[in-house]
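In the text below, chain A, chain B and the rest are named by the order of the sequence lines, each starting its count at 1.
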Amino acid sequence: MFNAKSEVSRLLAPGIPGIEPQQILDMLEVPPNPEMGDLALPCFKLSRILKKSPVQIAEDLSAAVSKKGSTEDIDRIEAVSGYLNIFLNKNVYIKKVLSEILKAGSSFGSSDIGRRKTVVIDYSSPNIAKPFHVGHLRSTSIGNSLYQIFSFMGYHCIGINHLGDWGTQFGKLIVAYKKWGSEQAVRENMIDELVALYVKFHKEAEKDPSLNEEARKWFTRLEQGNEEARSLWRWFIDISMEEYKKVYELLGVRFDAYTGESFYNDKMDPVIEELKEKNLLKESKGAMVVDLEKEGMPPCLILKTDGSTLYATRDITAAIYRKNTYHFDKCIYVTGVSQSLHFKQWFKVIEKMGYDWYKDLYHVPFGTVSIGGEKLATRTGKVVLLDDILSRAIQKTRETIEEKNPDLENKEEVARQMGVGAVIFSDLFSSRIKDVSFSWDEVLNFDGETGPYVQYTHARACSVLRRAEDGKTVRTSAETDPAGRVRKAGDENDETDSSGETMAKEASAAADFDSSLLSSKEEYQLVRVLADFPDKVKQALDDLEPSILTRYLVELAKEFNRFYHEHSILVKERDLRKARLALVQATKTTLATGLRLIGLHAPEKV
RNA sequence: GCGCCUGUAGCUCAGCUGGAUAGAGCAACGGACUUCUAAUCCGUAGGCCAGGGGUUCGAAUCCCUUCAGGCGCACCA
């Protein structure tokens, strides 16, 4: 992979005694303004080591490099008030970056750092019999994106949906169903009916607390394998899953395993035994806990007073099971930030058990979704259902297509891809940890920094490439490029040979082009943003932060649209046209890959 | 009370492993479509980077402190 930074640091290092190229590389930065060059080395820190003024250092370095004669990568170097400003040879840079992208194609930005490594990602994990709402979307979209990113970097990924398919809520549900429900109503309204029953239970239980007692009894029966309880439980799960799978299909999300909480019911006893043997369990107020006082944390509850298990018990058991089953190198949990302490606690328990892989466990928390200042809660019925959001977003996309491009062939498919894309994109736009206040206006806005904007830009690029194959040129650059920036170079080979055959060849053999013709500010800026992509993917992976890619895509789309607006691509001059097509092709490829990594489709026509 | 997180333009957010004049989008206002898709582009306006101390040649960024908001702190997950 060509990397301008490391080239430059290798060149500068010999001029600074006692400094490794790596250190230079870490110090190099991008100047705030293009007129200050492409890269800069602030010399202030070196000042103490070299016992010279930063201004002096910059000047000395500049002189030293100039004397050595220029390399093909660097055009010139300037010392400006303590900064060493480096100007790259633009032609060479553009050629290298674009050639690499065109050669790599859809694998541009990928790597094999995850080769022969396995990462388990636990995400989505909704609670059975509860509807899928905006809150669940975050876990799902973040987890899915991490799955894509890790796969792209060579990791073997295991996506696990740790369904909330066990617990006292099933006791409540069974009571509510038997008291107020009917088989027919559940068959007709599916999860909606289960939710209605659940909400009704909580309302009634406020007036009549004995209902809670009854629910507890039913859950105990379920645990003991009571046939009626068991079959109702199974039925509730089936109904919920049917609905979840529809949502996952629409979102384009997959899992490798649906091992939920109930899966671990018969696997916890040995773990409890192990905790006892390792002398970690301690009785406290009738319950069994792992004491974490020395670690500055509240104790981790393992068994309730009545001897039943808790979620920490289950999570510890599940982690051990996953380690033994998948031999993971990393195990990632995507859940709300409110569970942070819980994860910190049981990660510590794993460490205390003597497992050194405790350090491979990662909690990836995200902020809380609220609406109108109120937290979402199934119990009170205060939710925005994902179903509603998706259908409204898709509907809005349909209308826009009808208005802008009514002749589009596969309208419904594109509407789905963009509507869903808009929702996921906005979910992945800001940093995970930020709380979000749900707003219809924001989700349904398709202008500016949005999914549809990026998808539209991709389709725009595709459209140009398609037209290139048709072989229709537009005009000469002199007619279209802004005055004062009209180039001379292209005019000499102003061939009007716009036969379809030739242009089709150009589009496919795009790697053969003259980069010196891409001499405008817009073209160069676009190439620079393209060159950033591999770093952004790596950073998203290191920080477990998909929003880095989401925002990158906006930046790239913005840069492409600027270029598109300022310059005609399908110009009559063949060489210029070829060069610009290479740029368009590289952008299209990168946009499509980026969209894929955050879980969006990249339709070729919108 | 203790712990974790957040506070940047009217709104939503970047920038936070310290570097040159603090950036986007939305909303507002003004421009650009007989042209490769205007779901676009360009311009104008908008800021004691919550407040106060400190460290540093240099702080939105690091440290301390105050304030405001969110979350968590024993048998729910």
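Across all strands shown, A/S430 has heavy atoms under 4.0 Å from sugar-phosphate atoms exclusively, and none from any base. As judged by a 4.0 angstrom heavy-atom cut-off over every strand, A/V606 is placed among the base-contacting residues. When heavy atoms are screened at a 4.0 angstrom cut-off, A/P452 is found touching base atoms of the nucleic acid. Residue contacts for A/L301: at a heavy-atom cut-off of 4.0 Å it reaches a base atom on one of the strands shown. In this structure, A/Y453 reaches the sugar-phosphate backbone alone: every heavy-atom distance under 4.0 Å involves primed, P, OP1 or OP2 atoms, never a base. Across all strands, A/M36 comes closer than 4.0 Å to base atoms (heavy-atom distances). Within the 4.0 angstrom heavy-atom criterion, no nucleotide atom of any strand lies near A/S340. Using a 4.0 Å heavy-atom cutoff across all strands shown, A/K558 reaches sugar-phosphate atoms only and no base atom. A/V289 comes within contact range of at least one nucleobase, with a heavy-atom separation under 4.0 Å. In this structure, A/K434 reaches the sugar-phosphate backbone alone: every heavy-atom distance under 4.0 Å involves primed, P, OP1 or OP2 atoms, never a base. Here A/Q455 lies out of heavy-atom contact (under 4.0 Å) with every strand. When heavy atoms are screened at a 4.0 angstrom cut-off, A/N85 is found touching base atoms of the nucleic acid.
One P atom belongs to B/C16, the other to B/G23, and the distance between them is 14 Å to the nearest Å. B/C36 and B/A24: their P atoms are spaced 30 Å apart (whole Å). For the C1' atoms, the distance from B/C62 to B/G58 is 13 Å, rounded to whole Å. As rounded to the nearest Å, B/G70 and B/U8 have P atoms that lie 15 Å from one another. B/A59 and B/C41 are spaced 36 Å apart, taking the P atom of each and rounding to whole Å. Here the separation of B/A20 from B/G54, taken at their C1' atoms, is 24 Å to the nearest Å. Between B/G52 and B/C13, the two P atoms lie 25 Å apart (nearest whole Å).
A/Y83 has its ring centre less than 6.0 Å from the ring centre of A/F44.
In this structure, A/R460 satisfies the cation-pi test against A/Y564, with its NZ or CZ atom closer than 6.0 Å to the six-membered ring centre and inside 45 degrees of the ring normal.
Ring geometry, A/F170 versus A/F236: the interplanar angle falls under 30°, so the pair is classed parallel (tilted spans 30 to 60°).
Taking the syn range as angles within 90° of 0, the glycosidic angle of B/C73 is outside it, so the base is anti.
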Report task. Give the C-alpha distance, both sets of side-chain angles, the deciding distance and a yes or no for salt bridge (charged side-chain N to carboxylate O under 4.0 Å, His left out) between A/R528 and A/E555. Result -> CA-CA 11 Å; A/R528 278 177 56 150; A/E555 199 189 333; over 6 Å; no
Requested in this report: Report the C-alpha distance between A/T313 and A/V271 in whole Å, list the side-chain angles of each, state the deciding distance to 0.1 Å, and finish with yes or no for side-chain contact (heavy atoms from CB on, under 4.5 Å).
Outcome: CA-CA 8 Å; A/T313 328; A/V271 173; 5.8 Å; no
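Donor-acceptor pairing under 3.5 Å, judged by distance alone, is present between the side chain of A/Y311 and the base of B/A77. Checked by distance alone, A/T305 brings a side-chain donor or acceptor within 3.5 Å of a matching partner on the base of B/C75. In this model, a side-chain donor or acceptor of A/N33 finds a partner on the base of B/U21 within 3.5 Å. A donor N or O paired with an acceptor N or O is found under 3.5 Å between the base of B/A74 and the side-chain atoms of A/S284.
Nucleotide B/U40: paired with B/A32 (Watson-Crick or G-U wobble, both distances less than 3.5 Å).
By the 4.5 Å heavy-atom criterion applied to side chains, A/L544 and A/R432 are counted as neighbours.
Of the listed nucleotides (B/A20, B/U37, B/C41), B/C41 has the atom at the smallest distance from the side chain of A/N561. In the set B/A39, B/C71, B/A77, B/A39 carries the atom at the smallest distance from any side-chain atom of A/K404.
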